[in-house]
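To keep things clear, I will list the structure first and then write my remarks on it.
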Amino acid sequence: MNTVRVLQVCAEIFPLLKTGGLADVAGALPAALAAEGARVRVLLPGFPAILAGLEGSTELARLAPPGAMAAAGPRLLFGHLPACGVDAYVIDAPAFYARDGGPYADAHQQPYPDNHLRFALLGWAAAQLAGGLDAGWVPDVVHGHDWHAGLAPAYLRAEAERRGQALAPSLFTVHNLAYQGIFEAAHFAELDLPAHFFAMHGVEFHGRLNFMKAGLYYADRISTVSPSYAREIQHHDQGCGLDGLLRSRAHELEGILNGVDAAVWNPAVDPLLPAPFSADDPAGKAKCKSALQRELGLTRAAGTPLFCVVSRLTEQKGLHLILEALPRLVEQGAQFALLGSGDPALEAAFRAAAEANPAAVAVRIGYDEPFAHRLIAASDVIMVPSHYEPCGLTQLYGLAYGALPLVRRVGGLADTVADARLETLDGDATGFVFEPFTAEALEATIRRALALYRRRGDWKLVRQRGMRQNFGWDVAASRYMALYGILAPHSAP
Ligand code: ADP
Ligand code: GLC
């Protein structure tokens with residue numbers, strides 16, 4: 001068994017701090033890798049929620065990062081995160097991380113002006129650990145996630161150049177190429193990276209500094225969260241300006257599909273649901289639906305199909321298509337419920353739709369983990385009409401909870417949902433898939449979903465097949481283990 005030591009570097013982790021699917025992945029991956037034999041530790045910024053979850057912590061070192069990062073007086077703590085079941089290094093630097101607002105932006109959604117320093121420190125600390133800062137535990141592989149950890153591979157390379165000796169190899173995983181961590185060139189000097197790193201073959205991007213590019217350029221291997229997205233980001237329309245670099249590294253890039261953490265998302269044992277249910281015993285799902293209709297003030301009717309959305313309200317998710325299609329959905333006798341927050345214009349538009357028709361449309365603006373479970377359990381269909389989607393987790397939760405996913409054929413959605421057509425009903429159908437990014441295409445697919453809903457036997461067949469799909473983390477974990485094995489062959493006994 002491969003007992004590789006892996007340092008996972010990320011900015012959020014479920015259940016302590018979450019803004020999206022990245023946290024779900026960061027929270028589930030350590031245990032899945034440990035089950036394969038890996039010894040995993042995570043490195044996180046000391047956001048208040050992370051520090052509050054850290055038990056038995058000791059100060060490992062007072063950090064002496066370069067330049068302006070030192071002013072934050074960072075200390076490296078080591079302890080255990082019981083909620084995540086993993087040992088963690090946490091950078092305690094209140095001046096950087098203890099702020100009102102979110103981890104990346106203030107309460108008005110404005111990115112913090114010193115984000116380049118806040119997350120450079122994360123990458124710098126990863127390189128220090130690889131360099132032996134904790135003599136009792138030196139990672140064999142550094143595995144960074146998204147732009148927040150993008151400088152880890154760059155600092156690893158810089159440190160190796162300085163010492164004339166390679167440190168741990170790195171894997172960099174892209175969860176969303178659209179968020180890159182781009183900063184003015186003047187900030188490069190504050191990072192204390194070698195001057196030649198500020199180049200096209202390096203961290204420079206159209207005259208500015210790009211953390212995502214740093215990860216993509218300096219990591220030894222790159223992965224992303226679905227096979228389709230791995231292909232899509234090598235093309236101009238989804239490459240966000242980095243497709244050329246990704247094409248040049250195509251042979252070192254692979255797509256590994258995310259999984260579902262069955263300890264969190266399993267309707268048979270989910271304590272957040274009013275009634276449990278499963279593929280073999282789906283009766284409890286009707287109770288979940290009726291309880292939710294009551295909770296939201298929707299007409300209580302068991303036979304009325306309920307469509308839902310659980311989402312960040314951003315352009316990525318294609319929700320304006322749903323706003324356009326909503327009147328037709330309701331005209332055809334269906335109900336719609338949304339949980340989400342984000343773009344104020346989208347929030348207002350969905351609120352207005354609910355006010356116009358409260359018996360059939362319900363909207364809850366905000367972030368509410370338990371309600372997300374209740375809503376998905378209650379729904380017949382979960383809609384994810386994304387413009388792009390690196391993997392997407394809510395469609396997987398929908399499959400597990402008997403809410404048939406209605407998705408656009410893009411990224412991880414295309415890799416996880418099989419369209420229900422007459423000829424696939426007895427085959428692999430698990431949901432509804434459409435392609436053109438238009439309200440007409442969405443409406444047509446809603447009509448197909450409603451037609452199937454009326455054919456109760458076929459509906460139950462497709463639903464049961466979806467619920468029986470196995471999107472466990474074990475598959476992804478063994479793929480990551482294979483990559484670690486390539487990167488650090490000596491670590492396997
Ligand atoms: P993304 O990471 O792009 O937001 P994913 O589908 O990968 O998309 O992950 C989204 C995660 O965030 C899921 O766990 C989903 O349930 C959760 N989520 C999104 N919006 C909300 C919300 N308003 N309340 C609770 N959970 C939410
Ligand atoms: C990103 C993507 C989403 C993916 C998640 C976890 O937030 O938008 O598609 O599921 O990361 O990898």
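Every number for a ligand or one of its atoms is a count from 1 in the order of the listing.
If you check each of Thr314, Asn258, Thr19 against atom 6 (C) of ligand 2, the one with the closest non-hydrogen atom is Asn258. Considering Arg312, His175, His145 only, the shortest heavy-atom separation from atom 2 (C) of ligand 2 involves His175. Counting only non-hydrogen atoms, the option in Tyr388, Tyr367, Phe371 that gets closest to atom 26 (N) of ligand 1 is Tyr367.
In terms of protein heavy-atom proximity, atom 3 (C) of ligand 2 is nearest to Glu389 OE2, 3.4 Å. Here the protein heavy atom with the shortest distance to atom 20 (N) of ligand 1 is Ser311 C, 3.5 Å. Remark: minimum distance from atom 8 (O) of ligand 2 to any protein heavy atom is reached at Gln316 NE2, 3.2 Å. Nearest protein heavy-atom neighbour of atom 24 (N) of ligand 1: Asp368 N, 3.0 Å. Scanning the protein heavy atoms around atom 5 (P) of ligand 1, the nearest turns out to be Leu393 N, 3.6 Å.
At least one heavy atom of Lys18 sits under 4.0 Å from some atom of ligand 1. For the pair Tyr397 and ligand 1, a heavy-atom separation below 4.0 Å is found. Assignment of Lys317 to the shell around ligand 1 is supported, since a heavy atom sits closer than 4.0 Å. Using a 4.0 Å heavy-atom cutoff, Cys391 is absent from the residues neighbouring ligand 1.
Between Phe47 and Tyr97, the distance separating the two ring centers is shorter than 6.0 angstrom. Checked against the 6.0 Å centroid threshold, Tyr229 and His175 do not count as a close aromatic pair. Taking the six-membered ring where the residue is Trp, the centroids of Tyr179 and Trp147 are separated by 6.0 Å or more. Here Phe183 and Phe211 bring their ring centres to under 6.0 angstrom of each other.
For the side chain to side chain contact (heavy atoms under 4.5 Å, CB included) with Thr416, the lone residue among Thr430, Leu396, Asn258, Val407 that qualifies is Leu396. Test Val42, Leu43, Leu51 against Val90 for side chain to side chain contact (heavy atoms under 4.5 Å, CB included) and you get one pass: Leu51.
Asp140 contributes no side-chain N or O that, together with a main-chain N or O of Ala168, makes up a donor-acceptor pair within less than 3.5 Å. A donor-acceptor pair is defined here as one N or O able to donate and one able to accept, closer than 3.5 Å; such a pair exists between the side chain of Gln464 and the backbone of Ala279. Judged by distance alone, with hydrogens and angles left aside, the side-chain atoms of Ser290 form no donor-acceptor pair with the main-chain N or O of Ala286 at under 3.5 Å. In terms of modelled atom types and a separation under 3.5 Å, the side chain of Asp261 and the main chain of Ala28 share no donor-acceptor contact. Under the 3.5 Å distance criterion, the side-chain polar atoms of Arg118 are matched with a main-chain donor or acceptor of Pro103. Counting only distance, with no hydrogens or angles, the side chain of Ser226 and the backbone of Gly412 share a donor-acceptor pair below 3.5 Å.
Of the polar atoms of Gly392, at least one N or O is found under 3.5 Å from an N or O of ligand 2, judged by distance alone. Ligand 1 has no nitrogen or oxygen under 3.5 angstrom from a nitrogen or oxygen of Trp265. Considering backbone and side-chain N/O atoms, Ala372 never comes within less than 3.5 Å of an N/O atom of ligand 1. Residue Gly21 has at least one N or O atom closer than 3.5 Å to an N or O atom of ligand 1. The shortest N or O to N or O distance between Ser341 and ligand 1 is not under 3.5 Å. Below 3.5 Å of separation, one finds no N or O of Lys317 facing any N or O of ligand 2. Between Asn176 and ligand 1, not a single N/O pair is under 3.5 Å apart.
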Derivation of the side chain to side chain contact (heavy atoms under 4.5 Å, CB included) call for Asp380 and Tyr453: CA-CA 9 Å; Asp380 298 295; Tyr453 187 79; 3.6 Å; yes
Audit row: Thr173, His143, side chain to side chain donor-acceptor pair (under 3.5 Å) steps and yes/no: CA-CA 7 Å; Thr173 299; His143 184 171; 2.7 Å; yes
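Judged as a side-chain hydrogen bond (donor to acceptor under 3.5 Å, both in side chains), and not counting sequence neighbours, the contacts of Arg249 are Glu252.
Here is the list of ligand 2 atoms found below 4.0 Å of a heavy atom in Val225: 12 (O). Close approach of ligand 1 to Val310 (heavy-atom distance below 4.0 Å) involves ligand atoms 16 (O), 18 (N), 21 (C), 27 (C). Remark: ligand 2 atoms within the under-4.0 Å shell around heavy atoms of Asn176 are 8 (O). Set against the non-hydrogen atoms of Val25, the atoms of ligand 2 under 4.0 Å away are 6 (C), 12 (O). For ligand 1 and Gly392, the ligand atoms under 4.0 Å from any heavy atom of the residue are 6 (O), 7 (O). Atoms of ligand 1 lying under 4.0 Å from any heavy atom of Gly366, numbered from 1 in the order shown and given with element: 22 (C), 23 (N). Close approach of ligand 2 to Pro390 is summarised as follows: ligand atoms under 4.0 Å from at least one heavy atom of the residue are 2 (C), 8 (O), 9 (O).
Note on Arg408 versus Glu389: no salt bridge recorded, every NZ/NE/NH1/NH2 to OD/OE distance being 4.0 Å or above.
Contact annotation: for Asp24 versus ligand 2, there are no heavy atoms closer than 4.0 Å.
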